[in-house]
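One structure is given below, encoded as C-alpha cells.
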Amino acid sequence: VRSISTDLDDHGLATNIIRCGRTTRTATEYPELGAAIARGLERTDFPLPGHIRTMPEGIGGRNNNAAYLGPQYASVSVGAEKGGIVNTQLPDGMTVETDNRRQDWRRFVNKRHLQKVQTAEMDAWTQSYEQALRLMERRELFDISKEPANIQTAYGSSPFARQLLLARRLVEQEVPYIEVSHDGWDFHHNNFEFHLHYVADIDRPFAHFLTDLTERGLLQRTLVIIMTEFGRTPLFTQAELGGVGVRLVLYPLSAFRAMSKAALDVYERIAVDGTQQQVVDAMQTREELYAHLDYYAYERKLDELFEHD
C-alpha cells in the first residue's frame, strides 16, 4: 500500500505519522494505531495487554501512547530475552497466600477511597496493578526459551529473530496488536553495503515467521504489515512538480546511482574476463567528453587570455 505521502524529513515526526496519523506539532495528543485496535477488539475476560511492543531485551514497562483512550490501551514493552518480563516472581519468603492477602487489602483500601474520590488516573493505577498480577501468572508465555530447540534454530539468533519468535507466541494467545521493530536504517553513507546487511537480517526470520503462522493456521486470522516512516520517493515528472510551484528540480542521486550501477557492471565484467575489452564500447570516449564540455573552446579562451599578457 503506497497511499501515504508526507513532506517530512524527520524520523521522529514521520514515525508519529505512521503510528497515529499525525505529528506531535499539534496541541492535542492522539492515540496510536495499536491503542485504537486494543480498544476496538477489547474483551473483558482477556488476561493479557491488547497492545504489546517487543524489544530485543530490557525490563519493559507501559508506554504513554493511548492519549484520550486511556492508559489501559497503551502499549506494554516486553523483551524477547531473559524470560520476557522481569520481577514476576514473588520475593523469597513470601507465599502465594500472603501475597493474596496483600492484594485483597489493596483492593479494599482502593474501593473505600474510590467511594470518596474517583479520577481517571486512579482507575489507571488500579488497572495497572491488576494487569501486572495477570502477567505474573502467565510469565511463561513471554519466555521464548520454552520453545523447542529446532524452532529457535529455524528462527535464528539475531535480536530481530528472537522478537519474531516472541510475536508468534503472542499471536497464538490472540493478542490484538503486536509491534516488532527493526531499527537502525538511517543510512547516510555506504547505502548499498548497509542494506545488504540489514535486509539479510530480516529476510530469513521474517520468512520463517510467515511460514510458522501458516503451518499453525494462524495466518488466516492475522494481518501482517511492514511499516516504515520513510518510503520510496514517487517519480514525479518536472511538469507535475512545476504544477505545484517547484522552480528548480535536481536529480543528483539519480545520476549518482546510474553511475554506480554502470561502474558495478564494468568491474564485474573485468573480474570475470580479466580485461576491459568487452566494456570499451560502453565507455565515453575522450572526444565525446571534450565535445560535451566544449573543452576546446575553453582552451582557446585560455590561449586568448595568455596572449594579452
Side-chain angles (χ1 to χ4, degrees), residues 19-20 29-55 58-80 82-90 96 99-100 102-104 106-108 110-111 114 118-147 162-181 209-210 212-225 227:
R19 280 182 169 158
C20 65
E29 292 186 356
Y30 293 87
E32 291 186 1
L33 175 62
I37 291 178
R39 173 66 178 84
L41 299 180
E42 182 179 25
R43 289 178 291 170
T44 55
D45 60 341
F46 190 65
L48 298 174
H51 181 192
I52 294 180
R53 281 186 187 173
T54 68
M55 306 183 298
I59 62 174
R62 187 178 287 281
N63 302 292
N64 181 24
N65 51 17
Y68 53 77
L69 292 180
Q72 65 268 37
Y73 304 111
S75 61
V76 173
S77 296
V78 178
K82 301 178 181 178
I85 51 179
V86 299
N87 303 321
T88 58
Q89 301 282 355
L90 293 177
V96 174
D99 184 56
N100 287 337
R102 292 170 68 231
Q103 302 304 331
D104 289 340
R106 173 183 58 80
R107 296 185 183 102
F108 171 75
N110 282 349
K111 185 176 181 180
L114 287 173
Q118 185 168 4
T119 66
E121 289 79 5
M122 293 170 60
D123 290 341
W125 277 106
T126 300
Q127 191 272 343
S128 294
Y129 271 103
E130 296 299 330
Q131 187 170 82
L133 290 175
R134 293 195 295 268
L135 290 176
M136 292 172 66
E137 295 169 355
R138 293 163 176 79
R139 65 176 70 89
E140 291 192 357
L141 295 177
F142 303 94
D143 189 355
I144 60 175
S145 68
K146 303 295 183 182
E147 289 287 326
R162 309 295 279 176
Q163 290 182 79
L164 286 178
L165 181 52
L166 173 58
R168 195 225 70 210
R169 291 173 66 87
L170 297 176
V171 171
E172 286 182 307
Q173 300 302 316
E174 300 184 358
V175 173
Y177 188 92
I178 307 156
E179 180 180 311
V180 179
S181 296
F209 173 67
L210 295 179
D212 202 7
L213 291 180
T214 302
E215 292 177 349
R216 295 170 186 266
L218 299 172
L219 193 60
Q220 296 177 355
R221 59 174 174 81
T222 305
L223 176 64
V224 181
I225 304 173
M227 296 193 300

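All residue numbers refer to positions in the sequence shown, counting from 1. From a predicted model like this one, the values you see are computed outputs, not experimental measurements.
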Point to revise | Pairwise distance CZ(Arg62) to CZ(Arg53) - rounded to 0.5 angstrom | key: 12.5 Å

Do [X] and [Y] have side-chain heavy atoms sitting under 4.5 Å apart?
X      : Y      : result
Leu165 : Arg168 : yes
Ile52  : Phe142 : yes
Val76  : Asn63  : no
Val224 : Leu213 : yes
Met55  : Val78  : no

Side-chain atoms of residues 33-46: list all donor-acceptor pairs with protein atoms under 3.5 Å, sequence neighbours left out, distances to 0.1 Å.
from	atom 1	to	atom 2	distance (Å)
Glu42	OE1	Tyr73	OH	2.6
Glu42	OE2	Tyr73	OH	3.1
Arg43	NH1	Glu174	OE1	3.3

Check your understanding: When Asp104 is tested against each of Arg106, Arg107, Arg102 for salt bridge (charged side-chain N to carboxylate O under 4.0 Å, His left out), which residue passes?
Key -> Arg107

**Study point:** side-chain contact (heavy atoms from CB on, under 4.5 Å) assessment of Ser181 paired with Thr54
**Key:** CA-CA 7 Å; Ser181 296; Thr54 68; over 6 Å; no

Review point. Is atom CG of Asn64 surrounded by more than 12 heavy atoms (other residues, nucleotides or ligands) closer than 6.0 Å?
Key: no

Exercise for review: Report, as yes or no, whether the 6.0 Å neighbourhood of atom CD on Gln103 holds more than 12 heavy atoms from other residues, nucleotides or ligands.
Suggested key: yes

Exercise for review: Output all residues satisfying side-chain contact (heavy atoms from CB on, under 4.5 Å) with Leu141, sequence neighbours left out; order by chain, then residue number.
Suggested key: Leu48, Arg138, Gln173

So, for [X] and [Y], which heavy atoms are closest and what is the spacing to 0.1 Å?
X      : Y      : value
Leu166 : Ala80  : CD2-CA, 4.0 Å
Ala67  : Pro31  : CB-N, 3.5 Å
Pro49  : Pro176 : O-CD, 4.5 Å

Exercise for review: Starting from the C-alpha separation in whole Å, work towards a yes-or-no answer on side-chain contact (heavy atoms from CB on, under 4.5 Å) for Leu218 and Glu172.
Suggested key: CA-CA 7 Å; Leu218 299 172; Glu172 286 182 307; 3.5 Å; yes

Check your understanding: Taking NZ, NE, NH1 and NH2 as the nitrogens, is one of them in Arg162 or Glu147 under 4.0 Å from a carboxylate oxygen of the other?
Key -> no

Review point. Which is it for Arg169 and Glu140 under the salt bridge (Lys or Arg N to Asp or Glu O under 4.0 Å) test, yes or no, and what are the steps along the way?
Key: CA-CA 10 Å; Arg169 291 173 66 87; Glu140 291 192 357; over 6 Å; no

Check your understanding: So His51 and Val175, side-chain contact (heavy atoms from CB on, under 4.5 Å) or not? Walk me through it.
Key -> CA-CA 7 Å; His51 181 192; Val175 173; over 6 Å; no

